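Since the model is a prediction, treat every value here as computed from it, not as a measurement.
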Amino acid sequence: MRIRLFCALASYSILLAFWLCGISQTEAQEYDVVILNGRVMDPETDFDEVANIGIQGGWITKITKDPISGKQTINATGHVVAAGFIDTEQHGLTDWGIKVNLRDGVTTQMDFEVGALNISQWYAKRDGKLQANFGTVVGQEFSRMRVHDGLKLEGPDVSMPFFFDFRAEAAKDGVDGWSVTRSTTEQMNKISATLDEGLREGALGVGSTIGYAQHGITTYEMLEAQRAAARYGRLTAVHHRFHPSASTPTEGPTGANEIIVNAMLLDAPLQIHHNNDYGWWEIEEKTQLAREKGYNIWSTWYPWDAGSGNAGASILAPATWETSMGYKYEETIYDPQNDKYLTKDEFLKLAKEDPGYMLVAFSPPRKEWLKEWIKLPHFVVAGDGMPTVNSKGEQLTWDSPFEDYAGHPRSSGSHAKVLRLGREANVPLMHTLSQLSYWTAKHLGDTGIKAMQVRGRMQEGKIADIVVFDPQTVKENSEYAAGKNGLPSSGLPHVLVFGQIVVSDSKVLKGVTPGQPIRFAVEEKGRFVPATKEMWLKTFTIDSGGVAPRKNAAPNLPASEDQSKLTPKQNLSEQFWWGDHQRLNDFAGYCCEYHQLQARFAAMEQRRTLSPQE
């Protein structure tokens with residue numbers, strides 16, 4: 001009996017020892033990286049507790065209050081541990097630009113405005129070589145450069161930071177074809193086919209700079225661009241037509257209306273770029289109303305009272321900057337490379353001689369508007385970082401001093417500045433983190449981007465893109481003055497990309513390149529469908545036995561307006577659908593030739609009937 005009892009106890013002890021050993025092994029698991037004692041914050045679940053994080057193979061595999069250990073340890077005591085920031089408007093994607101944005105907590109850096117061409121080549125060149133996650137849309141402007149300026153645009157670098165070089169090349173003949181030329185139906189279809197090819201190769205959507213081509217891109221061409229993306233269920237990201245005009249009938253919200261209506265009718269996602277000028281309140285109201293109806297529509301902003309653009313940009317021309325906005329050049333147009341404000345004459349000379357030259361443009365009302373932007377839900381932060389050049393216009397390298405940068409400080413300090421502004425205004429930190437990461441990931445994930453469905457969150461089973469920052473001291477250090485434009489942010493000592501430490505104790509680690517491609521899978525066949533008059537009639541009119549709609553007859557014109565004097569393209573017997581209209585004068589920009597002549601004829605008749613006193 002004693003022997004049997006002893007054997008039973010011995011067996012139980014052995015089983016208990018094995019069970020305890022199993023627990024011990026689980027608790028003693030060594031992770032690749034552990035982050036200890038940080039305030040872990042996750043906007044999606046509202047998780048907000050001090051905890052330890054275990055990272056294995058690039059993923060968050062453990063969030064616990066229990067002790068854990070790893071091959072590398074980060075002590076996050078007194079710091080917030082949050083999802084790395086996601087930026088969809090980074091144009092300075094050089095090694096230096098990526099480096100300074102990592103110091104600002106940005107782990108995913110993409111360009112959704114300018115975009116790229118040759119998408120497969122673009123991704124292949126960067127795969128395994130970048131320190132932050134990367135992605136792009138296919139660019140409408142580049143597509144128009146091919147068609148209207150005859151540029152070949154080959155290779156993997158048809159994107160930022162070479163964008164302004166392509167603009168300069170397009171303007172060599174004196175005409176920015178991509179900006180001012182209206183497409184014929186055939187040209188529009190060529191442009192749409194190029195967009196489709198980029199989407200087939202995995203582009204995240206279509207990027208449009210229609211605000212710089214408001215005279216060239218017709219409303220129907222814009223509809224076709226958004227339709228190209230919608231065929232894949234992907235977004236169009238747009239710098240809209242009238243940004244930042246404050247004058248009717250070209251108010252900023254009018255440009256937003258165009259793309260919002262298209263997106264809703266196509267049931268397609270839409271991101272509106274840098275909605276931080278006149279009419280932002282109306283646009284934000286409309287995006288909120290659209291989301292309440294189930295549409296995936298949102299907009300972006302950056303926390304500065306000045307924008308940036310090239311000297312030749314239409315928004316800086318006197319008609320917009322002086323007449324529409326009411327600004328004075330000597331008070332608002334700043335040259336960061338020469339550290340001075342420009343007079344109107346200096347600006348016009350520069351715009352003529354060097355239209356690609358980068359300037360900073362102040363918008364005084366933004367100082368007050370900023371106080372409201374930090375409080376808006378789903379209004380996401382996107383830095384709109386500019387090309388990374390020095391005062392001589394030369395590209396910076398990874399080793400270039402931060403002081404060498406000559407451009408807008410939004411390239412280096414936007415995200416830390418949002419954290420500072422939120423702290424000073426007592427905005428809930430969870431809301432600010434949503435603006436910096438979660439809402440962008442959420443909206444992009446809802447378009448089907450799987451890589452975004454596992455980012456922007458601090459949860460087990462999500463990608464370990466992480467920023468560790470001090471909520472009491474984090475701030476931007478960059479400002480507009482020369483030599484300070486590119487100073488890195490402080491208070492963000494540690495950053496991880498795909499589970500690897502890329503910033504340690506506020507130093508970016510050279511040669512560590514864990515950046516992952518953010519893209520869709522390449523498809524075997526594209527989805528392009530050309531727009532034709534025949535297909536339009538077949539779709540939207542009844543079958544009446546093949547009888548085509550009658551063409552409008554020209555009105556009876558007075559002798560001085562005899563139709564025989566019109567050029568062939570202006571002849572009213574020619575019916576234009578989506579093709580190029582040759583305008584008779586500026587007035588014709590508001591209506592077609594037929595109605596413009598009708599209006600002119602009516603005005604002449606009215607003048608003949610008025611008395612001298614009238």
[X]: which residues meet the salt bridge (charged side-chain N to carboxylate O under 4.0 Å, His left out) condition with it, sequence neighbours left out?
{"X": "Glu394", "answer": "none"}
{"X": "Lys442", "answer": "Asp446"}
{"X": "Lys510", "answer": "Asp399"}
{"X": "Arg241", "answer": "Glu258"}

For [X], give me all partners under ring-ring contact (aromatic ring centres under 6.0 Å, His included), at least two apart in sequence or on another chain.
{"X": "Phe469", "result": "none"}
{"X": "His494", "result": "none"}
{"X": "Phe347", "result": "Tyr329"}
{"X": "Tyr334", "result": "Tyr341"}

Notebook entry, point to check: Hey, what's the ring geometry for Trp373 with Trp369, parallel, tilted or perpendicular (30° and 60° as the breaks)?
Noted result: tilted
Check: What is the ring orientation for His239 with His274, classed by angle as parallel under 30°, tilted 30 to 60°, or perpendicular over 60°?
Finding: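 Ring orientation, 0 to 90° scale: perpendicular.
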Margin query: For Phe362 together with Tyr327, are the ring centres under 6.0 Å from each other?
Written below: no
Do the side chains of [X] and [Y] get close enough for a salt bridge, i.e. N-O under 4.0 angstrom?
{"X": "Lys340", "Y": "Glu346", "value": "yes"}
{"X": "Arg455", "Y": "Asp465", "value": "yes"}
{"X": "Lys328", "Y": "Glu322", "value": "no"}

Note to self: According to salt bridge (charged side-chain N to carboxylate O under 4.0 Å, His left out), does anything in residues 37-47 pair up with another residue at least two apart or in another chain? List the pairs.
What the structure shows: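 Qualifying pairs, neighbours excluded: Arg39-Asp48, Glu44-Arg457.
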Side-chain donor-acceptor contacts of residues 498-507 below 3.5 Å, not counting sequence neighbours, with atom names and distances?
none

Return a table of donor-acceptor pairs under 3.5 angstrom between the side chains of residues 423-434 and protein atoms on other chains or two or more places apart.
unit_1, atom_1, unit_2, atom_2, d
Arg423, NH1, Pro471, O, 3.0
Arg423, NH1, Val474, O, 2.9
Arg423, NH2, Val474, O, 3.3
Glu424, OE1, Arg420, NH1, 3.0
Glu424, OE2, Arg420, NH1, 3.2
His431, NE2, Ile374, O, 3.1
Ser434, OG, Met430, O, 2.9

Next item on the list: List the atom of Ser489, the atom of Gly413, and the distance in Å for their closest heavy-atom pair.
Entry: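 The answer is OG-CA, 3.7 Å.
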Check: Do Val114 and His91 pass the side chain to side chain contact (heavy atoms under 4.5 Å, CB included) test, and can you show the C-alpha distance, the side-chain angles, and the key distance before you say yes or no?
Finding: CA-CA 8 Å; Val114 173; His91 307 313; 4.1 Å; yes
Notebook entry, point to check: Which pairs pass ring pair (Phe, Tyr, Trp, His ring centres under 6.0 Å) with one or both residues in residues 440-463, sequence neighbours excluded?
Noted result: Trp298-His443, His378-His443
